[in-house]
Number of protein chains: 2
Amino acid sequence: MAKTSAIAIQIATGDARPIFRQIVDGIRKEIATGNLQSGAKLPSVRALALQLMINANTVAKAYGELTAQGLLESRKGLGIFVAEPKQMLSEEEQQLRLQEASERFVNDVMYLDFSPEHMTQYLLKQLLQLQQKDENKS
Amino acid sequence: MAKTSAIAIQIATGDARPIFRQIVDGIRKEIATGNLQSGAKLPSVRALALQLMINANTVAKAYGELTAQGLLESRKGLGIFVAEPKQMLSEEEQQLRLQEASERFVNDVMYLDFSPEHMTQYLLKQLLQLQQKDENKS
DNA sequence: ACTAGTGTACTATCTGTACTAGTACACTAG
DNA sequence: CTAGTGTACTAGTACAGATAGTACACTAGT
C-alpha cells in the first residue's frame with residue numbers, strides 16, 4: 001500500500017479565492033515544484049478535510065477538478081494519486097491560456113510605476129525558480 | 001459644458017468576471033491606453049446603463065470603485081470625469097501588488113509547455129504595446 | 001422658480017455560488 | 001466481514017451580484 005504523502009497546503013480565510021480553489025491551486029503548485037511526484041498518494045478526502053478543518057465535500061470537489069485537469073488519478077476504494085505528467089491541452093488552447101493570463105497580468109499591473117522590463121524580469125525569475133525546484137526533486 | 005466621451009467597453013456574458021468589474025477593468029484600460037484623457041467626461045450612470053443594457057446601480061458601483069482608485073472624479077450634478085494621473089499606491093503596496101500579480105500569472109501558466117523566456121517575452125511585448133498606445137495619444 | 005439631467009444612497013428581491021451536514025452506495029485490501 | 005476509500009446526492013445556510021424602485025442633493029439653463 002503506497003504511503004500517503006503530506007501536502008503542505010493551508011486555507012487562508014483572508015484569501016479572496018473560494019476554499020476549493022485554494023486547494024486546487026495549492027496541489028497544482030506542489031506537483032509543479034516536484035514536492036509531489038507521480039504515483040504519490042494524496043491524503044484521503046476525509047483526512048484532508050480533517051487536516052484543513054473543512055467539509056469533505058469541499059475537498060472532493062477540489063480533487064474532482066484536479067482529476068478532470070489530468071493532474072490526479074482517482075481509484076475507488078484505493079485513494080487519490082498523482083498522475084503521470086501529460087499535456088492535456090492542445091497547442092492552440094495553451095496559446096489561448098497564455099494570452100488570457102497575460103491580459104489578466106497586464107490588467108493587474110498597468111497602474112504600477114514599474115518598467116515593463118523590470119516586471120517581466122521579476123516574473124522570469126519566479127518562473128525559473130519554479131522550474132528549478134521541480135528539477136531539484138527529479 | 002464638457003462633451004461626453006464615448007467609451008468602448010462592452011459586457012461579455014461569458015466572462016467570469018462580474019459585470020461591474022468588467023466595467024471597472026474596461027475603463028481602466030481606456031485610460032491607460034490614452035483613449036480617455038484627463039478631464040474627459042464619461043457617460044452618466046444612467047446613460048452608460050442604457051448603453052450596456054444593465055442596471056444603473058451596477059454602473060454606479062463601478063464608477064464608485066474607479067473613483068476610490070483615484071482614476072475618476074465625481075461631481076454631483078455635473079458628472080464623472082477622468083482624474084489627473086496620480087500614483088495612489090505606496091512603493092511598498094506596488095511591490096506587493098506586483099508580487100501577487102506574478103503569483104497569479106505563475107499559477108495560470110505553470111502547466112503550459114512554453115519556456116519562461118518565451119512567456120515573459122510575450123508579456124513584455126503586451127506591456128510595451130500598452131505603453132506605446134498611451135504615448136501615441138499624449 | 002422650474003426643469004432636466006446629474007450623482008449618491010437606500011431597501012427589497014431574486015439568482016447563483018460556495019460551503020456545510022448528513023447520508024448512502026460502490027470499491028478495495030486485509 | 002470490517003475499515004477505509006471515492007463518489008454522489010439532498011437539504012440548508014450565507015453571501016455576492018444584479019436588478020428594480022425610490023428618494024434626495026447638486027447643477028446649469030431657461
Side-chain angles (χ1 to χ4, degrees), chain A residues 1-5 7 9-27 39-83, chain B residues 1-5 7 9-27 39-83:
Chain A
M1 172 70 75
K3 184 185 173 191
T4 299
S5 301
I7 58 181
I9 66 175
Q10 52 201 324
I11 302 307
T13 50
D15 201 309
R17 293 171 296 169
I19 295 177
F20 82 92
R21 178 130 318 277
Q22 293 182 51
I23 300 172
V24 169
D25 290 348
I27 293 175
K41 184 177 185 296
L42 267 69
S44 76
V45 162
R46 290 170 181 86
L48 188 59
L50 276 171
Q51 175 188 327
L52 299 178
M53 290 188 269
I54 62 175
N55 195 268
N57 291 329
T58 305
V59 176
K61 179 171 173 168
Y63 276 0
E65 190 159 314
L66 287 157
T67 302
Q69 287 181 25
L71 295 179
L72 299 182
E73 267 169 16
S74 119
R75 295 181 189 133
K76 217 178 217 181
L78 281 169
I80 303 278
F81 300 83
V82 180
Chain B
M1 173 70 74
K3 184 186 170 189
T4 300
S5 301
I7 57 183
I9 66 174
Q10 51 202 324
I11 302 306
T13 50
D15 201 309
R17 293 172 295 170
I19 295 177
F20 82 92
R21 177 132 316 279
Q22 293 183 53
I23 300 172
V24 169
D25 290 347
I27 292 175
K41 184 178 185 294
L42 268 69
S44 74
V45 162
R46 291 170 182 86
L48 188 58
L50 276 171
Q51 176 187 328
L52 300 178
M53 292 188 269
I54 63 177
N55 196 269
N57 290 328
T58 304
V59 176
K61 178 170 176 167
Y63 276 0
E65 192 159 311
L66 287 157
T67 303
Q69 286 179 26
L71 295 179
L72 299 184
E73 267 168 17
S74 117
R75 295 180 187 134
K76 213 180 221 182
L78 281 168
I80 303 277
F81 301 83
V82 180

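The chains referred to below are lettered A, B, ... by the order of the sequence lines, with proteins before strands, and numbering in each begins at 1.
Rounded to whole angstrom, the span from the CD1 atom of B:I23 across to the P atom of D:dA18 amounts to 8 Å. Rounding to whole angstrom units, CZ of residue B:R46 and P of D:dG21 are separated by 14 Å. We find that CD1 of A:I54 is positioned 20 Å from P of D:dA14, with the value rounded to whole Å. One interatomic measurement links the two molecules: CG of A:L48 to P of D:dT7, which rounds to 14 Å at whole-angstrom precision. Atom CD of A:E73 and atom P of D:dT5 are 18 Å apart (whole Å). The distance between atom NZ of B:K41 and atom P of C:dG5, rounded to the nearest whole Å, is 12 Å. In this entry the distance linking CZ of B:F81 with P of D:dT27 reads 12 Å, nearest Å. For A:L50 and C:dT20, the CG to C1' distance is 14 Å, given to the nearest whole Å.
Within the 4.0 Å cut-off from OP1 or OP2 of D:dA20, at least one side-chain nitrogen or oxygen of B:N55 is found. The side chain of B:S44 places an N or O atom within less than 4.0 Å of a non-bridging phosphate oxygen (OP1 or OP2) of C:dT6. Note on B:K61: every side-chain N or O is 4.0 Å or more away from OP1 and OP2 of D:dA18. Put simply, B:T58 has a side-chain N or O that comes within less than 4.0 Å of OP1 or OP2 on D:dT19. Checking the phosphate oxygens (OP1, OP2) of C:dT20, no side-chain nitrogen or oxygen of A:N57 falls inside 4.0 Å.
At least one donor-acceptor pair closer than 3.5 Å links the side chain of B:T67 to the backbone N or O of B:Y63. Checking side-chain atoms of B:Q22 against main-chain N and O of B:A12 turns up a donor-acceptor pair under 3.5 Å.
In this structure, of C:dC19, D:dG17, D:dT27, it is D:dT27 that holds the atom nearest to the side chain of B:L78.
Contact annotation for B:Y63: no contact, since no heavy-atom pair falls under 4.0 Å across all strands.
Counting heavy atoms from C-beta on, the side chains of B:I7 and B:L48 come closer than 4.5 Å. Proximity of B:R21 to B:E65: side-chain heavy atoms (C-beta onward) are separated by under 4.5 Å at one or more points.
Along DNA chain D, the nucleotide nearest to A:S74 and the one nearest to A:G77 differ in position, and the one closer to the 5' end is contacted by A:G77. Place A:K76 and A:R21 on DNA chain C by their nearest nucleotides, and A:R21 ends up nearer the 5' end. Where B:A56 and A:F20 each meet DNA chain C at their nearest nucleotide, the meeting point lying more 5' is that of B:A56.
Between the CD atom of B:E73 and the CG atom of B:L78 there is a distance of 11.5 Å, given to the nearest 0.5 Å.
The base-pairing partner of C:dC27, taking Watson-Crick or G-U wobble contacts with both distances under 3.5 Å, is D:dG4.
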